[in-house]
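Naming convention: chains lettered A, B, ... in sequence-line order (proteins, then strands); numbering from 1 in each chain. As the structure is a prediction and not an experimental result, all values here were calculated from the model. For the numbers below, each heavy atom of this structure counts, side chains included, while hydrogens, waters and symmetry mates do not.
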Number of protein chains: 2
Amino acid sequence: MSTVLPTNRVDTIERLKSAGVTPTQQRVEIAQLLFARHQHVSAEQVLAMANAHSSVVSKATVYNTLGLFASKGLLREVIVDPTKVFYDSNTSEHHHFYNVDSGELMDIQGESVQLADLPELPAGTQAEGVDVIIRIKQTPNS
Amino acid sequence: MSTVLPTNRVDTIERLKSAGVTPTQQRVEIAQLLFARHQHVSAEQVLAMANAHSSVVSKATVYNTLGLFASKGLLREVIVDPTKVFYDSNTSEHHHFYNVDSGELMDIQGESVQLADLPELPAGTQAEGVDVIIRIKQTPNS
DNA sequence: GAGTAAATTAGACAAAGTCTAGAAATTCAC
DNA sequence: GTGAATTTCTAGACTTTGTCTAATTTACTC
Ligand SMILES: [Mn+2]
Ligand SMILES: [Mn+2]
Ligand SMILES: [Zn+2]
Ligand SMILES: [Zn+2]
């Protein structure tokens, strides 16, 4: 089940509104970049992408916006690299391959990973989500 | 299957040697702290623990040593908090609860989490490990 | 348009982690 | 043992990611 991928500004604005996010100039700019396709990007990358041609968004706003989108369920944070957070524009339930050699993060398609069932949670807690990360490396060529 | 927990210096030195690590003063100090029991600690915590009474290990050596131990399989790195790496003195295969409210990391005991089977890996890669993290939060008291 | 609240911004700041160059300790000839 | 070579340790400068602040700009509302 893949998230809808809007391509035009009007759809993007609609999507932000539906999530309860005021569609400012900067937020729409960032949303357009991110929602164009499923991707895993860092804040630095978003900053660079947004300001590739002319300067349109500040660093503070990029961080604010990514955090806001994540809190509204428009993006998913993936913690797998100790040096930076990945923001994932694929918000459907899925898991990841992480190539420790290249630093590349890839979606695992469909239901090919499934937990048997959740273990008993510590008292007074509830599950917020389950992350499965399969760390892979290049096979050394004999 | 729990890792053996040495309590005396001689055992610790033996364990380091077996792993191919020269047992220097500082490494033994850190190993004693870490291997005393299963725990999840950050580099900052190790630095503080080691130097609690008198100053015995520098920051650089703590980072060098934790990295060395991890590379030799004496410790496991757990990436779950975007602000710091956890070092896990439980090196047996196991998964984790991560309390996003408290920042606490807990082992999931035994075989209570099991992946059905690994999905097909990207061409030219091999699995290095599988991390399952169940993010939990405090249940809001009605 | 005036008033208010929300959003953006530059740049200072913080925290985790790395690097460098020298000092100290250990190991190796002889 | 003595001296040389190697490994380890160290202080502190530095880098990177991310946060914060205080001022400005923008967006609503009347
Ligand atoms: Mn880091
Ligand atoms: Mn960080
Ligand atoms: Zn993904
Ligand atoms: Zn653990």
Side-chain angles (χ1 to χ4, degrees), chain A residues 9 12-14 16-17 19-34 40-51 54-72 74-88 100 103 105, chain B residues 9 12-13 16-17 19-33 40-51 54-72 74-88 100 103 105:
Chain A
R9 225 145 176 103
T12 300
I13 288 171
E14 233 8 85
L16 292 183
K17 281 185 186 168
V21 171
T22 307
T24 66
Q25 177 66 47
Q26 289 83 350
R27 287 170 183 173
V28 174
E29 200 61 47
I30 292 172
Q32 286 272 102
L33 288 170
L34 292 175
H40 307 100
V41 290
S42 68
E44 290 292 311
Q45 280 182 285
V46 173
L47 184 61
M49 286 158 69
N51 296 335
S54 56
S55 181
V56 286
V57 193
S58 71
K59 183 173 76 158
T61 297
V62 167
Y63 278 97
N64 287 344
T65 300
L66 293 174
L68 177 66
F69 285 7
S71 77
K72 298 296 187 180
L74 293 167
L75 286 179
R76 172 166 156 194
E77 292 185 349
V78 182
I79 311 299
V80 64
D81 178 327
T83 72
K84 60 182 184 302
V85 173
F86 280 106
Y87 289 90
D88 189 345
V100 297
L105 188 65
Chain B
R9 224 144 178 106
T12 299
I13 288 171
L16 292 184
K17 281 186 186 167
V21 171
T22 308
T24 66
Q25 178 66 48
Q26 288 83 351
R27 289 169 182 171
V28 173
E29 201 60 48
I30 292 172
Q32 286 272 102
L33 289 170
H40 306 102
V41 290
S42 67
E44 289 294 310
Q45 281 181 285
V46 173
L47 183 61
M49 285 157 71
N51 296 334
S54 56
S55 181
V56 285
V57 194
S58 73
K59 183 172 77 155
T61 296
V62 167
Y63 278 97
N64 287 344
T65 300
L66 293 174
L68 176 67
F69 284 7
S71 78
K72 297 296 188 180
L74 292 168
L75 286 179
R76 170 164 157 195
E77 292 185 349
V78 182
I79 312 298
V80 64
D81 178 327
T83 73
K84 59 183 184 299
V85 173
F86 281 105
Y87 289 89
D88 189 345
V100 296
L105 188 65

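Contacts of A:Val21 with the nucleic acid, taken as non-hydrogen atoms under 4.0 Å apart, are absent. Contact annotation for A:Val62: no contact, since no heavy-atom pair falls under 4.0 Å across all strands.
For the pair B:Ile13 CD1 and C:dT26 P, the computed distance is 12 Å after rounding to whole Å. C:dG17 atom C1' lies 16 Å from atom CD of B:Gln45, rounded to whole Å. The CD atom of A:Glu44 sits 15 Å away from the P atom of D:dT15 (whole-angstrom rounding). Distance, A:Asn64 CG to D:dT21 P: 13 Å, rounded to whole Å. Regarding A:Leu47, its CG atom lies at a distance of 14 Å from the C1' atom of C:dG11, rounded to whole Å. Taking atom CG of residue A:Leu68 and atom C1' of nucleotide D:dT19, one finds them 16 Å apart after rounding to whole Å. Atom CG of B:Leu66 and atom P of C:dT18 are 10 Å apart (whole Å). The CD atom of A:Glu77 sits 13 Å away from the C1' atom of D:dT17 (whole-angstrom rounding).
Scanning atom types as modelled, one donor and one acceptor separated by under 3.5 angstrom connect the side chain of B:Lys59 and the base of C:dG17.
Taking side-chain N and O atoms only, B:Tyr63 has no distance below 4.0 Å to OP1 or OP2 of C:dT18. Using a 4.0 Å cut-off, some side-chain N or O of A:Thr61 falls inside it from OP1 or OP2 of C:dT9.
Closest heavy-atom contact between B:Asn51 and B:Val56: OD1-N, 2.8 Å. Considering all non-hydrogen atoms of both residues, B:Val21 and B:Lys72 come closest at CG2-CG, 3.6 Å. In terms of heavy-atom proximity, A:Leu105 sits nearest to A:His40 at O-ND1, 3.2 Å. When all heavy atoms are compared, the tightest approach of A:Ala43 to A:Tyr87 is N-CD1, 4.5 Å.
Between the side chain of B:Arg9 and the backbone N or O of B:Val28 there is no donor-acceptor pair closer than 3.5 Å. Between the side chain of A:Asp88 and the backbone N or O of A:Glu77 there is no donor-acceptor pair closer than 3.5 Å.
Of the candidates D:dG18, C:dC19, C:dG17, the closest approach to any side-chain atom of B:Lys84 belongs to C:dG17.
Residues A:Val57 and B:Ser42 each lie close to DNA chain C; by heavy-atom proximity, the contact nearer the 5' end of the strand is made by A:Val57.
For the segment residues 22-30 of chain B, the set of residues with a heavy atom within less than 4.0 Å of an atom of DNA chain D comprises B:Thr22, B:Thr24, B:Gln26, B:Arg27, in numerical order.
Note that CG of A:Leu47 is 8.5 Å distant from NZ of A:Lys59, once rounded to the nearest 0.5 Å.
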